[in-house]
Amino acid sequence: MGRVNATYNPYDNVLRVVENAAAILGYKEDEYSTLKYPERELKVSIPVAMDNGGIQVFEGFRVQHSTTRGPAKGGVRFHPAVSHDEVKALAAWMTFKCAVVNIPYGGGKGGIICDPRTLSERELHSLTSKYTAAIAPLIGPEQDIPAPDVGTNARVMAWMMDTYGMLKGHTVLSVVTGKPLGLGGIKGRGEATGRGVMITAQNILKKMNRQIAGTTVAVQGMGNVGSVTARLLHEIGMKVVAVSDVSGGVYDPDGLDIPEILAYLSQTRNALLCDYRTDSLIHLTNAELLTLDVTMLVPAALENQINGDNADQIRAEVVLEAANGPTTLQADEILEKRGIRLVPDILANAGGVVVSYFEWVQNIQELCWTEEQVNTELRNIMDVAFDEVWESAEANGKTLRMGAYLIAVKRVVEARLGRGIF
Ligand code: NAD
């Protein structure tokens, strides 16, 4: 599966989209050039005493792309393919995502090159705590607020909050979001990104005058985002015909039993779909899943999944980007020419950061929202953002991705110009 390679650099991808948007908006280089450079980048080495008695040194990053509109905000990724350029790109996408949904944050991201599936709980805890201590000078409720991403979860956020609090001498709930419910977490955060994807799926189908019933869906990735997305789309009546994880996918043209698959995956920590067997299922590769003949394709795993090599084989009518950066620029152009509608990541998967924002506000104000309040406010924000992006794309005769970037780049540049150069 292609990630960062000689021909694909996710940060270059972001820069080209930003440059295109700035040109359409008529900005001079001086007005938007700050957007091309991350404000702060930290690389850390993290020694961990392993269970086998040896020491392993891991490499980690924290990048703050922008704090122009508010503190940096963005997840922490634990994955073997993490790289500096990937973290830079992910941080930049956060800047534009927060701007599209108009919440008062900039963008940041972090990551450690590791495979969490091969680490014991104790090793993972130690790695997380040491990483948090190493990036502690950069993070904080008013500076930079981490959250879960690929390979991390509420448990990891609890460890990060604990370590930060130990260093400060008191508990600081608002330093990370996506925490467990009993530790300052907010109801609905666990499923917020998937819920936002579901709301966006409803919105795009409505614009296309399509019914929910009869819509077929393939979801790549069954982690936090993919599993909730698959469950919610199934619950509202779509036919989820294929899902996958790192080991490959399962396919049933008559529709999968999503609750049963989720129950199977939650049985053990490292359960994989390649080991899931029932009579009616067809097993397929991730590459095959992407080219299935479905109404909606939801990439919810990693970057660079739909690219110049396979974009002309995509048969979905709509690509809904639940992952960050799953489609390259080259693929964007091919999909556009082929009339395939794409809803961009900075809109489609923004539900997570929106509810993270609610969690941060809740922690700072020492309030407690009900799940209904969270979901209602989430829908309000996602609906407004969707309509704004749709109108921006229509008004400019551009794709939904460019429609979203025209809004986001304008908001960040105007904030920068309003503040002036210090
Ligand atoms: P996760 O770690 O919970 O799940 C990742 C999924 O991708 C797993 O099913 C894993 O098996 C699969 N996967 C990993 N490597 C793969 C590979 N090489 N090929 C195919 N599948 C692979 O991660 P997540 O939190 O669900 O994040 C998924 C995507 O959504 C990422 O792009 C992330 O940046 C983005 N995202 C996450 C959130 C969030 O709140 N967690 C919010 C916004 C965007």
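Worth saying up front: this structure is predicted, and the values here are computed from it rather than measured. Remember, it's 1-based here, ligands and their atoms both numbered in the order they're listed.
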Measure the shortest side-chain to side-chain distance between T376 and R379 over non-hydrogen atoms and say whether it is less than 4.5 angstrom.
no
Salt-bridge criterion met for E235 and R231 (N-O under 4.0 Å)
yes
Counting heavy atoms only, which part of E191 comes closer than 4.0 Å to ligand 1: side chain, backbone, both or neither?
neither
Over-ring placement of K43 relative to F61, 6.0 Å and 45° cut-offs:
no
Run down the list L302, V353, I346, L290 and name the one with the heavy atom closest to atom 16 (C) of ligand 1.
L302
Any N/O pair K97/ligand 1 closer than 3.5 Å
no
Indicate, as side chain, backbone, both or neither, the part of D245 found under 4.0 angstrom from ligand 1 when only non-hydrogen atoms are considered.
both
May I ask which of V225, N153, T285 has a heavy atom nearer to atom 38 (C) of ligand 1 than the others do?
V225
Assess whether atom CD of E372 is packed by more than 12 heavy atoms of other residues, nucleotides or ligands within 6.0 Å.
no
Please list, in number order, the atoms of ligand 1 under 4.0 Å from a heavy atom of R189.
40 (O)
Per-residue contact class, S227 against ligand 1 - non-hydrogen pairs under 4.0 Å
neither
When you measure from the side chain of Q64 to the backbone N and O of L138, does any donor-acceptor pair fall under 3.5 Å?
yes
Does a salt bridge link E371 with R195, judged by any charged N lying under 4.0 Å from a carboxylate O?
no
If we only count N/O pairs under 3.5 Å, is M222 in contact with ligand 1?
yes
Assess whether atom CD of E142 is packed by more than 12 heavy atoms of other residues, nucleotides or ligands within 6.0 Å.
no
Contact partition for A322 relative to ligand 1, non-hydrogen atoms under 4.0 Å:
backbone
Does an N or O from E303, backbone or side chain, lie closer than 3.5 Å to an N or O of ligand 1?
no
P71 vs D144 side-chain heavy atoms within contact, under 4.5 Å
no
Criterion side-chain contact (heavy atoms from CB on, under 4.5 Å) against I306, the qualifying member of T291, D332, I334, I314:
I314
Short N/O distance, under 3.5 Å, between A301 and ligand 1?
yes
Is there a nitrogen or oxygen of G151 sitting under 3.5 Å from a nitrogen or oxygen of ligand 1?
yes
Between R401 and D345, does at least one N-O distance fall below 4.0 Å, as a salt bridge requires?
yes
As a quick check of understanding, evaluate side chain to side chain donor-acceptor pair (under 3.5 Å) for N286 and S244, giving each step before the final call.
CA-CA 7 Å; N286 269 289; S244 70; 2.6 Å; yes
Any idea which part of T193 is under 4.0 Å from ligand 1, heavy-atom wise: side chain, backbone, both or neither?
side chain
So is Q305 in contact with ligand 1, going by heavy-atom distances below 4.0 Å?
no
Under 3.5 Å between any N/O of A300 and any N/O of ligand 1: does that happen in this structure?
no
For E317, the option from R210, R341, R338 that meets salt bridge (Lys or Arg N to Asp or Glu O under 4.0 Å)
R210
Please identify which atoms of ligand 1 are closer than 4.0 Å to at least one heavy atom of H79.
15 (N)
Would you check the N or O atoms of S244, main chain and side chain alike, for any that come under 3.5 Å of an N or O of ligand 1?
no
Work out whether the distance between some heavy atom of R77 and some atom of ligand 1 is less than 4.0 Å.
yes
I'd like to check whether A323 has a polar contact with ligand 1, where a contact means an N/O of the residue lying under 3.5 Å from an N/O of the ligand.
no
